[in-house]
Amino acid sequence: MPKSVTLVLGGIGARGTASIGVLQSMREHKIKVKRIVASGISSIIAAQFALGRDPQLLTEYFVQFFAKYQQKLWGLAQLEGFRARQTNRAISDFSYFIRGVSFFRDNFNKISTVPWDSLQQDLNAVFGDIKYTDLKLPLSIAAIDLSLNQEVLIENENLIESLKAGIAFPGLLPPVSIGGHDMISSTLYCELPLASLKKAWRPVLAIDIPNVRDVAPPRSAVEILAEIDQMRRLAIKMRLLENADRVFNLESISHLREDYGQVPNLVSLAYSNTNKLLNSLS
Amino acid sequence: MKVGLSLGGGGAHGYAHIGVIHALVEAGIKVDLINGTSIGAIIGGAYALYSDLDQIMRLIEEVLATIKVRNFNLFRFSSQMSHTVLRNWLGSAIGNIANLRSGILNHNSSIQALQIIFKDQQFSDTQIPFSAVATDLVTWQTVVIKEGKLTDGILPSIAVPGVFHPVHRSRQILVDGGVLANVPVSQLRQEGADFVIAVRLPWKIAVDYQNGFDLLNRVELMKQNSMEQWQVDSADCAVEIDLPAFDILNFEDFKPAVALGYETTRKALSRLKERLGKSHA
């Protein structure tokens with residue numbers, strides 16, 4: 001392993017919590033991280049790490065976080081290909097349809113299904129008075145700038161607003177204004193923020209959770225569109241991973257479904273998987 | 001050296017491909033292979049079969065006289081709906097159908113249109129080797145179709161996901177090739193092209209957004225644009241036909257797009273000939 005690396009962390013939705021285990025393992029192996037580039041949920045975890053705090057403290061926070069918004073996360077689960085495939089298909093299909101109706105109604109009439117107010121309080125609880133300058137480690141938070149239609153990296157802005165931009169998943173949360181530009185989460189474009197890395201940041205270590213395809217073929221047009229989103233995200237990620245000098249594949253968690261109850265499991269599997277990868281290098 | 005022409009997808013903007021081919025023929029640039037995605041597959045297939053642009057124009061007029069192409073635009077009513085509530089209601093209704101069925105529209109009109117153009121002709125009947133490009137939802141791969149009836153082979157390539165039902169072909173579930181390869185340059189190289197001319201119909205992303213779906217749609221377009229850019233960058237020469245003033249869903253009015261395709265390609269000819277010359281040498 002080189003002496004110090006730039007770490008690229010991402011992952012869509014709850015899968016992003018794997019970064020807790022990754023950073024814990026990095027810290028224990030005394031890997032010198034010179035910068036973190038993070039997107040989505042990983043940007044919250046990276047901020048915690050950059051403050052010198054134990055990221056593990058966030059595990060319970062995210063369990064509660066996802067439990068609280070679970071009802072509203074239908075769209076996210078849908079986008080991740082979480083499909084009604086239980087044995088009692090008629091009942092699950094019906095509940096699936098009802099949730100779909102509410103998702104469409106919300107998203108055609110509003111900018112998002114969840115407003116910022118209560119989420120803002122959740123973020124304040126962890127990062128209340130902290131400024132970007134309080135971070136002990138440079139942190140770049142990836143987002144999509146809606147006026148440029150491309151991935152940008154946010155640095156040295158209001159920390160809470162930047163974290164909000166990182167997790168402002170379209171369809172779920174409203175865009176966030178940073179420096180007069182509206183921003184949304186970049187994870188739907190590419191799970192890993194690899195599009196705007198600088199040469200000076202090399203060597204770059206990207207932490208990837210390999211994608212596992214849904215076995216059941218899509219049935220409804222909405223499922224087809226969700227599948228296409230995944231296909232394109234995978235294609236873009238595979239292409240952009242060429243920008244990393246080294247990639248850690250967290251194979252052990254790739255099979256875990258997008259299930260919010262899985263967060264502690266995700267964290268511990270990511271921890272042991274990173275340990276294994278780091279041990280194999282030394 | 002084999003010169004290939006790779007025609008990109010882009011709805012009604014694809015009529016511009018006719019003008020592109022016109023300019024290439026006029027300049028004496030001989031095309032040895034053609035492939036295409038979506039509308040690119042229709043125009044490319046028609047030229048590969050007939051090598052006669054006037055006949056293609058006549059066939060398109062016949063399609064327009066027979067089929068209500070206006071129906072391909074699901075939101076055709078919404079432009080007259082100044083009231084947002086009504087438009088959102090229509091959007092939600094379409095969303096609900098999309099949640100129950102694998103598509104909103106059936107293939108009847110598409111098949112009818114393809115049959116007017118291609119009759120019962122086969123891929124093996126084309127004067128120039130031709131392939132259509134689609135996407136398989138089972139394997140997540142781009143699929144190259146070059147056997148059987150042209151109508152059957154091009155239909156999956158134009159099955160826009162979310163709008164049309166996917167096309168089942170043996171074990172494949174096929175939709176529009178634009179999902180992964182809107183300008184199928186690498187696929188044409190695999191078919192044996194040494195020099196690929198790529199024709200791209202860029203889709204401008206709207207500036208404003210009103211609801212969550214506008215945002216989801218925008219990210220999807222960003223993804224498509226990124227991939228398309230990588231594909232076009234890998235071609236030996238690319239022509240971009242920028243049609244900002246034309247509605248991508250207006251299939252009724254084709255002559256202005258043809259003219260713009262012709263004009264744009266004429267301007268690109270010197271660059272194209274120079275690169276072709278270098279490749280020959």
Side-chain angles (χ1 to χ4, degrees), chain A residues 75 78-79 93 96-113 144 146-147 149-151 168-175 182 184-190 195 211 213 215 217-236 239-240, chain B residues 84-85 87-104 135-142 159 161-166 168 171-173 175-176 178-181 204-227 230:
Chain A
Q78 173 78 299
L79 288 162
D93 276 8
Y96 192 64
F97 175 69
I98 294 301
R99 282 183 291 167
V101 168
S102 103
F103 183 74
F104 290 121
R105 197 193 46 219
D106 279 1
N107 269 303
F108 272 107
N109 291 301
K110 297 189 290 190
I111 199 75
S112 68
T113 37
I144 289 172
L146 291 175
S147 50
N149 291 318
Q150 66 179 48
E151 185 193 288
F169 200 89
L172 280 179
L173 290 159
D182 283 356
I184 56 172
S185 170
S186 65
T187 51
L188 197 55
Y189 172 74
C190 181
N211 302 55
R213 281 198 292 122
V215 191
R219 294 173 301 166
S220 69
V222 174
E223 284 181 359
I224 288 171
L225 293 174
E227 184 113 340
I228 284 166
D229 151 57
Q230 289 185 67
M231 287 165 75
R232 284 179 164 166
R233 257 195 288 132
L234 178 64
I236 287 177
R239 165 85 187 214
L240 290 178
Chain B
T84 318
V85 175
R87 204 186 50 219
N88 291 343
W89 177 84
L90 180 73
S92 304
I94 290 176
N96 292 340
I97 298 169
N99 206 11
L100 287 170
R101 293 156 50 104
S102 66
I104 313 284
T135 314
D136 184 6
L137 294 178
V138 178
T139 59
W140 286 22
Q141 301 286 327
T142 294
V163 179
F164 294 102
H165 295 280
H168 292 256
R171 285 188 183 168
Q172 298 169 322
I173 303 179
V175 292
D176 194 316
V179 169
L180 293 175
K204 287 275 167 353
I205 300 177
V207 182
D208 60 333
Y209 54 88
Q210 290 170 354
N211 57 34
F213 277 107
D214 285 346
L215 291 176
L216 288 167
N217 203 11
R218 176 182 295 223
V219 181
E220 221 39 60
L221 278 178
M222 271 181 64
K223 286 192 273 199
Q224 176 164 329
N225 280 349
S226 292
M227 288 190 287
W230 294 329

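Throughout, a chain's letter reflects where its sequence line sits, starting with A, and its residues are numbered from 1. Quick caveat, the model's predicted, so the values are computed rather than measured.
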Honestly, the part of B:Asp208 sitting under 4.5 Å from a heavy atom of chain A is neither
First locate atom CG of A:Leu172, then atom CG of B:Leu215, and finally report the distance between them rounded to the nearest 0.5 Å.
11.0 Å
What are the two closest non-hydrogen atoms of A:Tyr189 and B:Val219, and how far apart are they?
N-CG1, 3.7 Å
Pick from A:Ile184, A:Leu146, A:Leu188: which one makes a side chain to side chain contact (heavy atoms under 4.5 Å, CB included) with B:Arg218?
A:Leu146
Side chains of A:Leu225 and B:Glu220: does their closest heavy-atom pair fall under 4.5 Å?
no
Answer with side chain, backbone, both or neither: which region of A:Ile236 has an atom nearer than 4.5 Å to a non-hydrogen atom of chain B?
both
Nearest 0.5 angstrom please: B:Leu180 CG to A:Met231 CE, how far?
4.0 Å
Quick check for you: to the nearest 0.5 Å, what is the distance between B:Asn225 atom CG and A:Asn149 atom CG?
8.5 Å
Hydrogens and angles aside, do A:Glu227 and B:Trp140 bring a side-chain donor and acceptor to less than 3.5 Å of each other?
yes
Whatever's closer than 4.5 Å to a heavy atom in chain A on B:Thr142 counts as neither
Spacing of A:Asp182 atom CG and B:Tyr209 atom OH [to the nearest 0.5 Å]:
3.5 Å
To the nearest 0.5 Å, how far apart are CG in B:Leu216 and CG in A:Asp229?
8.5 Å
Contacting region of B:Leu137 [heavy-atom separation from chain A under 4.5 Å]
both
Considering only heavy atoms, which portion of B:Met227 lies under 4.5 Å from any heavy atom of chain A: side chain, backbone, both, or neither?
side chain
Using a 3.5 Å distance criterion without hydrogens, assess whether the side chain of A:Arg232 forms a donor-acceptor pair with backbone atoms of B:Gln224.
no
So do B:Phe213 and A:Pro170 actually touch side chain to side chain, heavy atoms under 4.5 Å?
no
